[in-house]
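Working notes, beginning with the structure itself.
For ligands, and for the atoms within them, numbers begin at 1 and follow the listed sequence. As the structure is a computational prediction, the values presented were derived from the model and not from experiment.
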Amino acid sequence: MAGIDVGGTKTLCLLRSKGREEVKRFTTPKKWEKLVDALQLWVEETEPEFLGIALPSPIRGRGIAEQAPNLGWDKKDVWKVFGGWATRVKILNDVTAAAIAEKYAGDAKKMSDFLCIYIGTGIGGGGYANGRLITGAFGRGMEVGHQQVDPDGMPCTCGARGCWETLAGTAGFLRIAEGIGLGGFSPPKLFELARKGNPKAQKLLNIYTDFVAIGVANLVAILDPSAIFFGGGLMKSWRLFSAPLSDRIRRRVKIFSTRKLQILHSRLGDKAVALGALIAAQHEDVL
Ligand SMILES: [Zn+2]
């Protein structure tokens, strides 16, 4: 069985066979045809019986990708392409896959209400409420990055304005950096500066952490989860975020006590999404 995580920049293929695990990582090709070729080659080599494919897009039905701006797509019927590649194929949203991985193989096994929030180019979400995967009526729910937090904000890749990911995704993070005189640095470099005590980089983290907290606080007020699992490229430097982010989120939620809310970093690492896709394909009743 296999799970594939097609990300905006990186793709990760995970194969589990006879107790062995194999991982292949490559840069996501910009062209759709090249991406399909690369995936097909891997699937033909590995011949999985069950195959899960996770995409950074709302997924309707068994495989209509509604919009994947971070892959440069408009609507695409991906089932048409991938549907026949294995005995059972599941196509799902990437952070929904991460939530499945957390529930079946991670730290959320005993939780009935939790959220996964992955921050990179965009912000993806997934989670469980009342013990059930949150999918929405049409399978497109939990597009947390597109909650609107700024009425006159920046245009978003989705077509709306002021979405949370325009402030708290990678572009938002770099925009704050530029505004305080740290333009031209990459996120890892900026995190390194913050770790070394650079006051501007610390100011950047301070402002940015609050932008992240706004969107999370909204979700906490709506869904009252017992835990939030963060992941994604920008959260790799979790040690810098852990305490201040937890503090900001709690300060922003006033309506009820968040004493029992756990703010965590996923321990599944960069395999979480591919693992969740694999689990979704393996077990018919997961999704
Ligand atoms: Zn948007």
Exercise answer: donor-acceptor pairs, residues 111-123 side-chain atoms, under 3.5 Å, sequence neighbours excluded:
from: Asp113; atom 1: OD2; to: Asn130; atom 2: N; distance (Å): 2.9

Q) In terms of ring plane angle, is the pair Phe191 and Phe241 parallel, tilted or perpendicular, where the classes change at 30° and 60°? A) perpendicular
Q: Find out whether Lys76 and Val81 are in side-chain contact, i.e. whether some heavy atom of one side chain is under 4.5 Å from a heavy atom of the other.
A: no
(Q) Taking the side chain as everything from C-beta on, heavy atoms only, tell me whether Asn218 gets closer than 4.5 Å to Val149. (A) yes
Q) Does Arg195 CZ have over 12 foreign heavy atoms under 6.0 Å away? A) yes
Q. What protein N/O/S atoms lie closer than 2.8 Å to the Zn ion (ligand 1)?
A. His146 ND1, Cys156 SG, Cys158 SG, Cys163 SG
Q: Report the residue from Leu261, Thr258, Leu219 that forms a side chain to side chain contact (heavy atoms under 4.5 Å, CB included) with Val253.
A: Thr258
